[in-house]
Trainee: 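Shown below is the structure under consideration.
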Amino acid sequence: MYHSRRDYLIAFLIILPSLCAVLIFVYGFIAWSIRTSLSAWEGIIPDFSFVGLRNYIEIFSSYRFQTDLWNTLFFTILFLGLCVLIGLLLSILLDRKVKCEGVFRNIFLFPMAISFVVTGIVWKWIFSPSVGVNAILRAIGLEHLAWGWFTDPAKYLNFHVALIPIVIAASWQLSGYTMALYLAGLRGIPVEVREAARIDGATEFQTYTRVILPMLKPITLSALIVLGHISLKIFDLVYTMTGRGPAFATDVPGINMFETTFRANRYAEGAAMSIVMFFMVALVIIPYLYTSLRKEKQS
Amino acid sequence: MKSIKTSILLVLTVLLLTPAILFAGGKKEEVKNELEIFSWWTAGGEAEGLEAMREIFEAKYPDVEFINATVAGGAGVNAKAVLKTRMQGGDPPDSFQVHAGHELIDTWVVAGKMEPITFIFKENNFLNAYPKDVIDIISYKGEIYSVPVNIHRSNVLWYNKQIFADAGITPPDSLESFFAAAEKLSGKGIIPLALAEAWTNSHLFESVLLGALGPGKYKGLWNGGTAWDDPGVIAAVEAFINILDYVNSDFSALAWEAAAQYVIDGKAAMYIMGDWAEGYFKSKGLTPGKEFGWAPSPGTAGSFLMLSDSFGLPRGAPNRENAIKWLTVCGSKEGQDAFNPKKGSIPSRTDGNKSLYDAYLKSAMDDWTSNTIVPSVMHGAAASEGWMEDYNNIITILIVEKNVDQAVKAFLKAAAKNLK
Amino acid sequence: MYVNTGTYRLNRAISRGILYTILLLCAASFLIPIYVLLATGLKSFKDVNIAHMWSLPDKITLSSFVKAFIKLIPNLKNSLLIAIPATLFSAIIGSLNGYVLSKWKFKGANIIFPIILFGMFIPYQSILIPLVQFLSFIKLYGKLAGLILVHIIYGIPITTLIFRNYYTEVPDEILEAGFMDGSGIFQSYLRIMLPISAPGFVVVIIWQFTNIWNEFLFAVTITQKPSLQPITVALQNLAGSQIVEWNVQMAGALIAALPTLLLYILLGKFFIRGLLAGSVKA
């Protein structure tokens, strides 16, 4: 393909403002946060005297931050799993030439349109043990299924059961997104592929498990990445729905960071938490970027 | 060549257009005669109270534009985060709402962000109108730093009168009589004490601490005078753990109003909550003294566990003169008597016009002038914000682990860290 | 294949029945929170009691909706003033970036892309303080323009990603035909790429508009005057610090969600199509 040098220069100039903006607003600010996290800043007045890794040692040895990390891990696994499952189920159902597909689709996408700040409160009510879902369970005679939901401090091997209602709320909000992705993916699979499978004598079920699902793998991956970074950063929803929870059963690094910084005025410790969050995200994203960009080069 | 020219032209337009359009919105603003105050009073009685004070201000200074840069949500937590970010960004409002006491002193005054306003107190003869305990709470190194607008009481026990009459009990005046009453009530299938989400646990604990230690020792906790492994503290932690056996099991799920609703609905008999609870009872159509009654929380009679919203003068306020005018209104009898009946709190001055207040508030005004005044920790008066956060974290774990030793050790550690 | 068409029809009817039953159940459970929102919004303050959250109001009153609407109107306007330009600008910038990064891979383009993309993933709470300082420095703090700028910049990574993936699917041959005619980088963009970009724009617009509309943290930090606050902040301000009128709050939430909902209803069909058109491939 012929491109003139001047065109390449223009191409670079087009990208330059974005690059500069990102360098300042993302990398510059992160550098600032890293510097803060290595300082003694406590209180309103910045104090940048260097203290090494003291703040990191402090947060990693605190019960609260350890709990936050476990909670994030379990929350992320469950939330991603549920979103993928629900999204897949809904998209497969909707892909079967359903009447009023648009109506159903909008119902499933609708939660994405509402602010976390509000849905948090509604879900808080719904899982409120004395009046919410439990009241309905009692009314239909399934009383033994009623439990404390997000007020239950029980934990099994560092997994707090109180996270389950939050996982449900977050999945409700975002499984519409995975549904849309999968639906697009399913529509992208040529009819011939299915027909070929059918001619080979595969049942409907086998067609899905052996042919279609493997073809949706790249979609699953990109869904996991987008949802994964939402999950690692999650704040609004948990903050309005449950807050920290009993014995930090529903605490996440985002809440801890916010409260440590803006309530306790421990800016250096808060910055250290945000850097840890940042590296957690990086840990997920960098391998993905690396492999997907390399794959592209090869093809 | 022509195409290259157009291309470059286009690139330049895009490059220039973005900032140009963005800056277009930010044309120079004229210097205006404004007063920007910052508070988290955005709805209900507190917003009405603020509106009443605003009217007084505007009647006196009609040419000043009054702006309430308000941020609600999370009982002022969002507001505080925004305020701190603004102050650090070098953009202070003219005056802002802050809890009187250590939240004011430790966060703002020590950091040199506030101007002393002792002169306002002197010029307007406020000094004699406020109790000495309050002047102490808002002072640092001999200078006064904020004008308290109102006083709330934290150690109030609210109770459902019908339930108390049916069970034949009177408001418990000690922790022992509280447990006796609680036992009796739970025997009848009534939740003895209503409780709500995390911060209300911390709120309850300060009343228990005060009840177990008494005002002198309680105050000592916050200045090093009382050790955190004092037998009184241990007794308070033990009592708190026992109290948890008598509260609604769903407490972590409830906002504070929902717990108050339990008392209205007769599901729960008592509630230890600040006196803003009265505003909620009244908003649901109840009359003070008729359906619900009140008493000092068990063991705290004679002590007034106070918190106060106040306004101060940040250094570098863009409209300093207007801010001083505003603070003068906040400290005046007229301003406070306009604000407090609507807010459901009492004036911080001792000369409020009682006829404007309801039965509960009248009794609180009496106690305010006769009781020992002690500062609330949960509401920013007794300790720095960092210490308060540590205190909250300890309670969060205590309500699940119920481990006295662990809690006392953590309290000791927090005190050592924050008293340095 | 099917010998007995009668059985086939029956089977088909049954499986359709099951299909619709499951779908309806799913839809109903998705609507539960909406029901709670609506039922609470239609109650009067005295009747709002979490213990009766499931019950419909005895008397339907629209007063909370009216009250919320009156209070929120100026902020609805602010939100539109913020979300529309921010969405459009970040979409246009993303489209240009995506075009360059997919079709004009100059030296270093493959490094620049991940550098930009990574911006999506920072926890925003951690950069609030330098952000405010920087905005005050360029005199945009406390102004709508400042908030718009922030949304555009933090939108660049995602919009660039979506458009880059979208344009990668466009065969190079289409562009090359253009270059034969002597078109430069911009002509080919305007003549060839832009006309086929509609699905990409739909995805980006929906995504960005929804995110910006619902964003709270930047909005609350950057705008101070009530007259400039967007709807999410105003919605929070409907509640005071002590007694919250949940009926008004919930009614307000539904009103606040209307523009985004409208966007989904109008563009929902194209949303799937846009996702299908390449932007979902990893």
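Each chain gets a letter, A, B and so on, in the order the sequences are listed, and its residues count up from 1. Quantities reported herein were computed from a predicted structural model and do not represent experimental measurements.
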Trainee: So which atom in B:Leu195 and which in B:Asn248 form the shortest heavy-atom distance, rounded to 0.1 Å?
Mentor: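 The answer is N-OD1, 2.8 Å.
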Trainee: List the steps and the verdict of side chain to side chain contact (heavy atoms under 4.5 Å, CB included) for B:Ile191 and B:Phe251.
Mentor: CA-CA 11 Å; B:Ile191 299 164; B:Phe251 66 89; over 6 Å; no
Trainee: Is there a donor-acceptor pair closer than 3.5 Å between any side-chain N or O of A:Asn71 and the backbone N or O of A:Val252?
Mentor: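 Such a contact is absent between A:Asn71 side chain and A:Val252 backbone.
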Trainee: For a 4.5 angstrom cut-off between non-hydrogen side-chain atoms, does B:Ile264 reach B:Tyr280?
Mentor: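 A side-chain contact exists here, since the closest heavy-atom pair is under 4.5 Å.
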Trainee: For A:Phe150, is it the side chain, the backbone, both, or neither that has a heavy atom closer than 4.5 Å to a heavy atom of chain B?
Mentor: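 Looking at A:Phe150, just its side chain touches chain B.
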Trainee: Just give me the residue among B:Glu197, B:Glu103, B:Glu401, B:Lys417 that pairs up with chain A most often, heavy atom to heavy atom, under 4.5 Å.
Mentor: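 With the most close heavy-atom pairs to chain A, the winner is B:Lys417.
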Trainee: Considering all heavy atoms of both residues, which atom of B:Ser376 and which atom of B:Glu206 are nearest to each other, and what is their separation?
Mentor: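 Where B:Ser376 meets B:Glu206 most closely, the heavy atoms are OG-OE2, 3.0 Å.
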Trainee: Of the backbone (N, CA, C, O) and the side chain (C-beta and beyond), which part of A:Arg266 lies under 4.5 Å from a heavy atom of chain B, both, or neither?
Mentor: side chain
Trainee: Name the member of B:Leu398, B:Asn201, B:Thr107, B:Val82 that forms the most heavy-atom pairs with chain A at distances under 4.5 Å.
Mentor: B:Thr107
Trainee: Run through B:Phe38, B:Trp40, B:Trp108 and flag the one making a ring pair (Phe, Tyr, Trp, His ring centres under 6.0 Å) with B:Phe96.
Mentor: B:Trp108
Trainee: Need one label for B:Asp106: side chain, backbone, both or neither, based on atoms under 4.5 Å from any heavy atom in chain A.
Mentor: neither
Trainee: Shorter than 4.5 Å, heavy atoms on both sides: which option in A:Trp41, A:Trp149, A:Phe127 has the most such pairs with chain B?
Mentor: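 Ranked by contacts with chain B, first place is A:Trp41.
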Trainee: Let's test your reading of the structure: which of A:Ser128, A:Ala162, A:Ser130 forms the most heavy-atom pairs below 4.5 Å with chain B?
Mentor: A:Ser130
